[in-house]
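All values below come from the heavy atoms of this structure, side chains included, with hydrogens, waters and symmetry mates left out.
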Amino acid sequence: MSSKFLCPVARGMKELDRSVFEKEIDLLVAKFSNPRYVGEFTKVCKNQLLNVPNVKHIVKIDNTKGVLLRDDIDDIQTYKLSLPSEALKLMEAHDIEIEPYKMKLNYDFWKADDILQAILPAELLSESPSGFAQAGHIAHMNLRNEFKPYGALIGQVILDKNPTIKTVVDKLDTISNKFRVFDMKLLAGENNFLVEQHESGCKFRFDFSTAFWNSRLNTEHERLISIFKPGEVVADVFAGVGPFAVPAAKKGVLVLANDLNPESYKYLSENASINQALQFLKAYNLDGREFIRLSPRLLFGWKNREGSVERRKVNKRRRTDGTSTDGVLSTKIPSSISQYVMNLPGSSIDFLDEFIGLYSHDPEVEQFVKNAEDFTLPTINVHCFEKYAHDSPEPTMEELHRRVHARIIEKIQFPAPIEDFTFHLVRKVAPTKPMFCVSFILPEEVAFKKL
């Protein structure tokens, strides 16, 4: 961008003063007595017209139209030297005049990065702290320590430049408590943490300050949901407010969904109801280990009580006589869980030992699944990190896969070959902290091991 359009610098600002960013730029404008010739002029002078992002070169001036010239063609005495001869002839033939023009810019013109680079101390300019994740109306930032003293300024700029944002918060620490929520500081906007988020064709409501949500996992949510098949059973061990569980249930997957956090459990149930998926989803507020251990029994009880799940089939077409063709779809509850989801990447692998003897510690369930014609061993989808040192050579993906595989088979106490595992790179949380989803079928020797 031309230096004329650079944002005014105002280092040392403590409170945001938008008036500092008002600026006038001297330009030249071609003024037309007859606007019908604007198109012809712009075609002839395409290389001489103002070309600045988000600035239109055609303007209204004195009840007619004008065309702004490039910002370096700004001398009324010498502008003719910069224009092609065809343009000069066109100007003379159609009474096109060149006049001085003052363009007024203000705070609204510049992007958040421009403003922040103009007001933060020079020593912090190597990185702009304008990135954020969004949940509903909340922008969630993770400011580095050196930026925290300027948090209110940064938050106000983010609020100003993003119309859908009403609240800006800064994460104060890492997620270290058992409910996966963190302390946060309100930087700017409304003190309102009850959000509404749309994802995977569903509406989610939750309190961002008391329940976990990660908007950056949207693609991963979609990926796994697409794998789940209507009529099968999915057990979501760390379900949160339901980003996996609710869309899956909405498409006809039977879901056992669990979360330790009472607030997440509350919104999980509410979100299933909001999305008309409650009949396909059973919500639990248990420790993850207890939920894994009880999950076959929970399904066994659901199947014995209800046998099948029914939902109304709505046919948008009507018969010619105007009557409805709506009906009821019945889904038989299977005998076994097809998929487990374990989206707690910091510690999911630590819970895998609960799958040892999954079907052997409850004799009634063990006998039932052994006699069930539709029994299948479950696929475990476990999310995990595999960090490595900053000062060591970056390991290959194959090496990272081997490391994760070694951790998993140690936990399940069975030497399942790495070829039986599928590794999906979800995202890099940090340059040396990749997040994976590892999928494998629980070996029969593990599932039925006698303890």
Side-chain angles (χ1 to χ4, degrees), residues 223-239 244-245 248-249 252-258 280-282 284 286 288-304 309 331-344 348-384 401 404-424 436-451:
R223 185 186 73 86
L224 275 186
I225 292 164
S226 70
I227 293 172
F228 303 151
K229 298 175 182 177
E232 72 177 7
V233 180
V234 170
D236 192 348
V237 184
F238 313 108
F244 288 111
V253 178
L254 295 104
V255 182
L256 303 171
N258 174 71
F280 279 82
L281 186 147
K282 299 296 182 185
Y284 302 92
L286 302 171
R289 287 187 171 277
E290 184 180 6
F291 175 74
I292 294 171
R293 191 162 55 251
L294 291 177
S295 55
R297 165 60 66 174
L298 297 174
L299 178 60
F300 178 71
W302 189 6
K303 182 176 178 65
N304 280 352
V309 175
T331 301
K332 182 181 178 182
I333 299 175
S335 303
S336 55
I337 296 166
S338 296
Q339 306 266 355
Y340 282 84
V341 180
M342 304 180 68
N343 182 29
L344 189 67
S348 284
I349 288 179
D350 294 336
F351 287 76
L352 289 177
D353 56 358
E354 284 296 338
F355 288 100
I356 301 173
L358 181 68
Y359 292 112
S360 66
H361 57 74
D362 187 327
E364 185 179 18
V365 171
E366 180 181 16
Q367 189 62 37
F368 171 74
V369 296
K370 283 184 174 180
N371 294 332
E373 293 181 359
D374 62 345
F375 173 77
T376 58
L377 289 163
T379 296
I380 313 297
N381 303 282
V382 56
H383 291 87
C384 61
H401 294 173
V404 175
H405 171 256
R407 291 166 60 197
I408 291 174
I409 63 173
E410 180 183 8
K411 268 295 174 184
I412 64 174
Q413 299 176 22
F414 184 78
I418 194 170
E419 293 77 21
D420 292 347
F421 291 68
T422 300
F423 298 84
H424 173 74
F436 294 99
C437 178
V438 186
S439 301
F440 63 98
I441 297 175
L442 185 66
E444 184 175 353
E445 295 87 341
V446 176
F448 289 94
K449 185 175 181 178
K450 298 296 182 180
L451 298 178

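Minimum heavy-atom separation, Tyr284 to Asn258: O-OD1, 3.1 Å. The two residues Asn381 and Ser439 make their nearest non-hydrogen contact at OD1-OG, 2.6 Å.
Under the 3.5 Å distance criterion, with hydrogens and angles disregarded, no donor-acceptor pair is assigned to the side chains of His361 and Arg293. For the residue pair Gln413 / Asp353, no side-chain donor-acceptor distance below 3.5 Å is found, with atom types taken as modelled.
Annotation: side chain to side chain contact (heavy atoms under 4.5 Å, CB included) contacts of Pro415 (sequence neighbours excluded): none. Remark: Arg407 pairs with Ile349, Glu386 by the side chain to side chain contact (heavy atoms under 4.5 Å, CB included) rule, at least two apart or across chains. Under the side chain to side chain contact (heavy atoms under 4.5 Å, CB included) criterion, Thr376 pairs with Ser336, Ser338, not counting sequence neighbours. Remark: Tyr359 pairs with Phe375, Phe448 by the ring pair (Phe, Tyr, Trp, His ring centres under 6.0 Å) rule, at least two apart or across chains. Remark: Ser348 pairs with Phe238, Met342, Leu344, Val382 by the side chain to side chain contact (heavy atoms under 4.5 Å, CB included) rule, at least two apart or across chains.
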Trace of the ring pair (Phe, Tyr, Trp, His ring centres under 6.0 Å) decision for Phe440 with Phe421
CA-CA 5 Å; Phe440 63 98; Phe421 291 68; 4.8 Å; yes
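The environment of CD1 in Ile333 is crowded: more than 12 heavy-atom neighbours from other residues, nucleotides or ligands sit within 6.0 Å. Around atom CD of Glu410, no more than 12 heavy atoms belonging to other residues, nucleotides or ligands sit under 6.0 Å away.
When the options Val233, Val234, Leu254 are evaluated for a side chain to side chain contact (heavy atoms under 4.5 Å, CB included) with Phe228, the one that passes is Val234.
Judged by distance alone, the side chain of His401 and the main-chain N or O of Ile418 form no donor-acceptor pair under 3.5 Å. In terms of modelled atom types and a separation under 3.5 Å, the side chain of Ser360 and the main chain of Lys449 share a donor-acceptor contact.
Side-chain contact check for Ile380 versus Phe355: some heavy-atom pair is nearer than 4.5 Å.
Atoms CD1 and CD, on Ile441 and Gln339 in that order, are 9.0 Å from each other to the nearest 0.5 Å.
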Sequence neighbours excluded and cut-off under 3.5 Å, please list the side-chain donor-acceptor pairs for residues 363-372, or say none.
from: Glu364; atom 1: OE1; to: Arg297; atom 2: NH1; distance (Å): 3.3
from: Glu364; atom 1: OE1; to: Arg297; atom 2: NH2; distance (Å): 2.9
from: Glu366; atom 1: OE1; to: Lys450; atom 2: NZ; distance (Å): 3.1
from: Glu366; atom 1: OE2; to: Lys370; atom 2: NZ; distance (Å): 3.2
from: Glu366; atom 1: OE2; to: Lys450; atom 2: NZ; distance (Å): 2.8
from: Asn371; atom 1: ND2; to: Gln367; atom 2: O; distance (Å): 3.2

